[in-house]
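Just so it is clear: chains get the letters A, B, ... in the order the sequence lines come, proteins before strands, and each one is counted from 1.
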There are 2 protein chains.
Amino acid sequence: MAKRIKVAADLSTEEKIKEAARKVFQQKGYAATRTRDIAEEAGLNLALLNYYFRSKEKLFELVMVEKMQKLFGVIAVILYDTENTLETKVELMVTNYIDMLLEHPDLPIFVLSEIRNNPGRFPGNLPLGDLMRNSRFATQLREKRPDLHPMQLIFSILGMVVFPFIGGPVFEGAGLVDKPTFARLMEERKKLIPVWVKAMLESG
Amino acid sequence: MAKRIKVAADLSTEEKIKEAARKVFQQKGYAATRTRDIAEEAGLNLALLNYYFRSKEKLFELVMVEKMQKLFGVIAVILYDTENTLETKVELMVTNYIDMLLEHPDLPIFVLSEIRNNPGRFPGNLPLGDLMRNSRFATQLREKRPDLHPMQLIFSILGMVVFPFIGGPVFEGAGLVDKPTFARLMEERKKLIPVWVKAMLESG
DNA sequence: ATTTTTTTTAATCATTTGATTAAAAAAATC
DNA sequence: GATTTTTTTAATCAAATGATTAAAAAAAAT
């Protein structure tokens, strides 16, 4: 009989733990997560967690870095972009962000609430600050509307894009939108928000 | 010598505990809060917590109800309003909400993340659902823009108002805005957002 | 003043939880 | 195939934590 070639091998133990950690940490938050939850989710012995990653904290940091990169990465791409017009950039940012959030709807609330619960753990590490201030994007905003602080527009764009995902559970819990409707609305928003932003930039 | 009349008496023990609970729960979240933290913050013996409120959970629920009322109350007021025009309602909502959030900046992230971490604890209790669907506000939105799902506008208005407070810590941590600037921007937003919403409603 | 009730305290319990250890099992190396 | 190294397991530890208890202190009622 044909020798079974090792195909689609199981994830390594290390990766199984990380995968379980991503899931459980995101679902319950750092403080409410017990290392035993992660071990069980991974179907592995508890001690393996400390064997591969020294501690709950270290494992969490690993997961958290990934999540933060995912959450802030989309913005960074737009900021680095020196080619496109402001209008195109807004379109790109909105579309990319919504697509990412449709795949990871509870990413923002997770990251933001962990930062909030333990600000000390995440020192002003993000190079997002200067980047955002000195980006071509910020300059373009200033050119178009020198009377407006760029953050006013960034808050608004991000708010319109991200808030539905943060508030989602509440609105779904209240029976205001079901999951398929929500997805449809978010698709629609990819077109709506850029139009709205344009209208905002031309107002006042 | 004049008999000292009992003036500005200390808070009752019960109220001291609640006050401390509000502070600590909000700061660290339910799971990361130890009953000892609350007792210490209140300057009281640990056992008093269980004497006045049966358990950590019961005390938390009490605090949480208050916070949710504060967070959703502002919206309810607007929904019940049958007098004002859509335009005025938007102005009222934005102003009231921003004023409230300036006083309680970390209310939204707290409530939303606790709901997220433990959706089971908060059953579809909010009567906000039908209220919002059948409100005069929703009707007014539909009249003005029948082509738009009302939630598209509600998501946008709430997003523009609430998001800066949810994302605040990140932007401050990144050195993008300092506290006084933030407050100034939020004051400015009370005028900006209604204008923007008007522009949005007239766009497309 | 005495008794009764309410409030507060210190000490302690039982469980949970992150982490460790020593030994077994599996894999790799020689 | 024996030896060494890596991986996994079961058992256990020590600290933390929510809760209880019995007694003391304070306040209220009689």
Are B/K58 and B/E61 within salt-bridge range, i.e. N to O under 4.0 Å? no
Would you say B/I75 and B/L158 make side-chain contact, with heavy atoms under 4.5 Å? yes
Footprint string (nucleotides 8-23 of chain C, 5' to 3'): B base within contact, S backbone only, - free, heavy atoms under 4.0 Å: BBB------BBBBB--
Is it the case that more than 12 heavy atoms not belonging to B/E40 sit under 6.0 Å from its CD atom? no
More than 12 foreign heavy atoms under 6.0 Å from CD of B/E143: is that the case here? yes
Please check if the number of heavy atoms outside B/K198 that lie under 6.0 Å from its NZ is greater than 12. no
D/dT30 pairs with which nucleotide, Watson-Crick or G-U wobble, both distances below 3.5 Å? C/dA1
Would you mind reading off the distance between B/I17 atom CD1 and D/dA19 atom C1', rounded to a whole angstrom? 14 Å
Closest approach of B/L201 to B/R145 (non-hydrogen atoms, all atoms of both residues): O-NH1, 3.0 Å
Kindly indicate whether a cation-pi arrangement holds for B/K56 with B/Y30, taking the cut-offs as under 6.0 Å to the six-membered ring centre and within 45° of the axis. yes
Mind telling me whether B/F155 and A/F182 have parallel, tilted or perpendicular rings, with 30° and 60° as the class edges? perpendicular
Could you please name the partner base of C/dT15, counting Watson-Crick and G-U wobble pairs only when both distances are under 3.5 Å? D/dA16
When you compare the protein's N or O atoms with those of nucleotides 27-29 of chain D, which come within less than 3.5 Å of each other, and at what distance?
none

